[in-house]
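In what follows, every chain begins at residue 1, and chains take the letters A, B, ... in the order their sequences are listed. Only heavy atoms go into these numbers, but all of them, side chains included; no hydrogens, no water, no symmetry mates.
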Amino acid sequence: MLELQNVRENPELVIKGLRKRHLDQAEALVNQLLEADQNRRQTQVQLDRLKAELNTQSKNIGIFKAQKQENEAQAAIEATAALKAQIKEGEELLRNFEKQVQDTLYLLPNLPHDQVPEGKNAEQNLVAYAHGDLPQLPENARPHWDLIRDFDIIDFEMGVKVSGAGFPFYKGAGARLQRALISFFLDEATKAGYLEVIPPLLVNADSGYGTGQLPDKEGQMYFAPADDLYLIPTAEVPITNIFRDVILEESDFPLKRVGYTPCFRREAGSWGAEVRGLNRLHQFDKVEIVQIQHPDHSYQALEEMKTHVQGLLEKLGLPYRVLKLCAGDLGFTSAFTYDLEVFSGAQKRWLEVSSVSNFETFQANRLKLRYRAKDQKKNVLAHTLNGSALALPRIVAALLENNQSLDGQSIALPSVLHAYTGFTKIEKKVKMD
RNA sequence: AGAGGUGUGGCAGAGUGGUCGAUUGCAUCGGUCUUGAAAACCGACGUACCGCGAGGUACCGGGGGUUCGAAUCCCUCCACCUCUACCA
């Protein structure tokens, strides 16, 4: 959520930022917000005055009563009736204006950082860096959805039977590979100074609002109505919300957390030919890194997080590229995002496996996550960042496709995983179920 | 899940309808004293909104209500504790 004070003081900058995102009604929304804010403040001044008056009266009544001046007390009590009516009216008005402010504020996405490239949509994202040669696979190289069936390591039909489309079973070497990747990612993050946490997988609405999934993406999360809880779409939600309503000391920075969780996404309306196999799932595994940072150091932290993710991809031997998202493709809450994509050789496609973002104060504002600044009177909003390190399914897709042997009998695994899997390649075996 | 209890500022812990945003202790930060430190003493010490300012308003787990006035009374939800039941 944008800082109201900033919108009030720099409306033209805010409009400029929103325009960069190609938000159509940028100016209208900002004006609507400022008007509601103006009304709200005016109403509050009047209301506060009325309340002050009533407080004074009440105190006087107390004093009359203490002095046994019953007649005076009674008269004063009767005199408050009109005041009370006015206050009730004012409160109603104030609530309305507050809601207008709040509702409008919820509609406004974060402002893009100056360095975010111009652009309207995903096609205009900037390739900032590329690493590794694209694999030269023979014409008959198989896409991962065929490989997982041949090697019997991931079973979609079994998942359909038990849950539905997009909820696969991982089996045997496939399950083991999954577990190996999770451990590898967690260990690497721990080495980089992140504290590992295992968070809850269901969160309340306050947490959803805190990190910005609500109200923006209400329909994208699974919801358990009996208990009013949402299944997390990413570990970002529970991990960042640890710091909701927290006031830090400057010496607490940086706070670095890592967590592995399954992620649940309804992905309503986003299914098509592009999303075969592991490319898009309702439930998938992800290791997420989160940092809470001092505003002066958050962009340095963003680079550090991006570099960390690059390191993982390099150790896995996957060709990848780094995209700077253009303003139009930036997520609702983000001020700056790097997407990392790996090349999946048989599909011949780039697959997004990580998104590393700086939210600046956008989440912190909703979270009320602040720190005591030594040189300032007021407490200051911290910056929040997070990144996937990494999301598993597409990594698995790329590993399988890029490392399949020419004879189709095995799939080699990168050496960093051997200690975790206990085997160096996946081989065709006796069918198991 | 049933019965009972509890929920106050960083922590501990008063306050049960009236000048209470809240006594006090500890912690923290300034100062005095000291060669330095400790001790002692003095002072400061929650958050947010509004206001140029003096200052005002709101917040005692969340929400609602009663009242001229609520930390205090009522309703409701939530969390924690104890006992009982159940369970990985």
Next on the checklist: Rounded to whole Å, how long is the line connecting atom CD of A:Glu70 with atom P of B:rC68?
Outcome noted: 14 Å

Checklist entry - Closest to the A:Leu54 side chain: B:rU47, B:rG69, B:rG18? => result B:rG69

Item to check | Dot-bracket pairing map - RNA chain B, Watson-Crick plus G-U, both contacts under 3.5 Å, | cross-strand | outcome: ((((((((.[[[..)..(.....]]].(((((.......))))).(((((....))))).[[[[[..)....]]]]])))))))....

Checklist entry - Any chance the side chains of A:Tyr260 and A:Glu288 put a donor and an acceptor closer than 3.5 Å? => result no

Checklist entry - Taking for each residue the nucleotide of RNA chain B with the nearest heavy atom, is it A:Lys51 or A:Gly62 whose nucleotide lies nearer the 5' end? => result A:Gly62

Checklist entry - How far does the C1' atom of B:rG69 sit from the matching atom of B:rU32, given to the nearest Å? => result 44 Å

Checklist entry - Which listed nucleotide (B:rC49, B:rC50, B:rU47) is nearest to the side chain of A:Arg41? => result B:rC50

Checklist entry - From B:rG56, B:rG18, B:rC50, pick the nucleotide closest to the side chain of A:Ile61? => result B:rG18

Next on the checklist: Do the side chains of A:Lys51 and A:Glu91 get close enough for a salt bridge, i.e. N-O under 4.0 angstrom?
Outcome noted: yes

Checklist entry - Nucleotide by nucleotide, 5' to 3', does protein get under 4.0 Å of the base (B), only the sugar-phosphate (S), or neither (-) in nucleotides 72-78 of chain B, counting heavy atoms? => result -------

Item to check | d(CD, A:Glu98; P, B:rU57) in whole Å | outcome: 17 Å

Checklist entry - When rounded to the nearest Å, what value does the distance between C1' atoms of B:rG43 and B:rC59 take? => result 27 Å

Checklist entry - Is there side-chain contact between A:Val203 and A:Leu229, with at least one heavy-atom pair below 4.5 Å? => result no

Checklist entry - Taking the same atom, P, in B:rG10 and in B:rG61, what whole-Å distance lies between them? => result 13 Å

Checklist entry - In residues 237-253 of chain A, which residues come under 4.0 Å of RNA chain B by heavy atom? => result A:Ile247

Item to check | Aromatic ring proximity, centroids under 6.0 angstrom, A:Tyr299 and A:His113 | outcome: yes

Checklist entry - When you check the gap from the basic side-chain N to the acidic O, do A:Glu98 and A:Arg95 get nearer than 4.0 Å? => result no

Item to check | B:rA44 and B:rU57, which share atom name P, separated by this distance in whole Å | outcome: 22 Å

Next on the checklist: Nearest whole Å is fine: how far is B:rG18 C1' from A:Lys65 NZ?
Outcome noted: 10 Å

Item to check | Strand contacts (RNA chain B) in residues 78-97 of chain A, 4.0 angstrom heavy-atom criterion | outcome: A:Thr80, A:Lys84

Checklist entry - What distance, rounded to whole Å, do you find between the two C1' atoms, one in B:rG17 and one in B:rC73? => result 8 Å

Next on the checklist: If the threshold is 4.0 Å, N to carboxylate O, is there a salt bridge linking A:Lys256 and A:Glu304?
Outcome noted: yes

Next on the checklist: Nearest to the side chain of A:Arg372, heavy atoms from C-beta on, is which of B:rA58, B:rG46, B:rC49?
Outcome noted: B:rG46

Item to check | Interatomic distance at P, B:rC77 relative to B:rG9, whole Å | outcome: 24 Å

Checklist entry - Between A:Arg49 and B:rU57, does any side-chain N or O lie under 4.0 Å from OP1 or OP2? => result no

Next on the checklist: Ring centres under 6.0 Å, that's the criterion: do A:Phe264 and A:Tyr230 meet it?
Outcome noted: no

Listed pairs under 3.5 Å, donor-acceptor, residues 188-195 of chain A side chains, sequence neighbours left out:
from: A:Glu188; atom 1: OE1; to: A:Lys315; atom 2: NZ; distance (Å): 2.7
from: A:Glu188; atom 1: OE2; to: A:Lys191; atom 2: NZ; distance (Å): 3.1
from: A:Thr190; atom 1: OG1; to: A:Leu186; atom 2: O; distance (Å): 2.8
from: A:Tyr194; atom 1: OH; to: A:Gln291; atom 2: NE2; distance (Å): 3.0

Next on the checklist: In this structure, how many angstroms lie between the C1' atom of B:rG69 and the CD1 atom of A:Ile63, rounded?
Outcome noted: 12 Å

Checklist entry - Choosing from B:rC68, B:rA48, B:rC49, which nucleotide comes nearest the side chain of A:Asn379? => result B:rA48

Checklist entry - Hey, is the side chain of A:Gln44 pairing donor to acceptor with the base of B:rC49 inside 3.5 Å? => result yes

Next on the checklist: In this structure, how many angstroms lie between the P atom of B:rG69 and the CG atom of A:Leu50, rounded?
Outcome noted: 14 Å

Checklist entry - What do you reckon, are the aromatic ring centroids of A:Tyr338 and A:Phe336 less than 6.0 Å apart? => result yes

Next on the checklist: Given B:rA48, B:rC50, B:rC68, identify the nucleotide with an atom nearest to the side chain of A:Val45.
Outcome noted: B:rC50

Next on the checklist: From the set B:rA58, B:rC50, B:rC68, return the single nucleotide nearest to any side-chain atom of A:Asn55.
Outcome noted: B:rA58

Item to check | B:rG63 to B:rG53 separation - P atoms, rounded to the nearest Å | outcome: 29 Å

Next on the checklist: Test of understanding: with ring-ring contact (aromatic ring centres under 6.0 Å, His included), list the residues that count as partners of A:Tyr371, not counting sequence neighbours.
Outcome noted: A:Phe253, A:His294

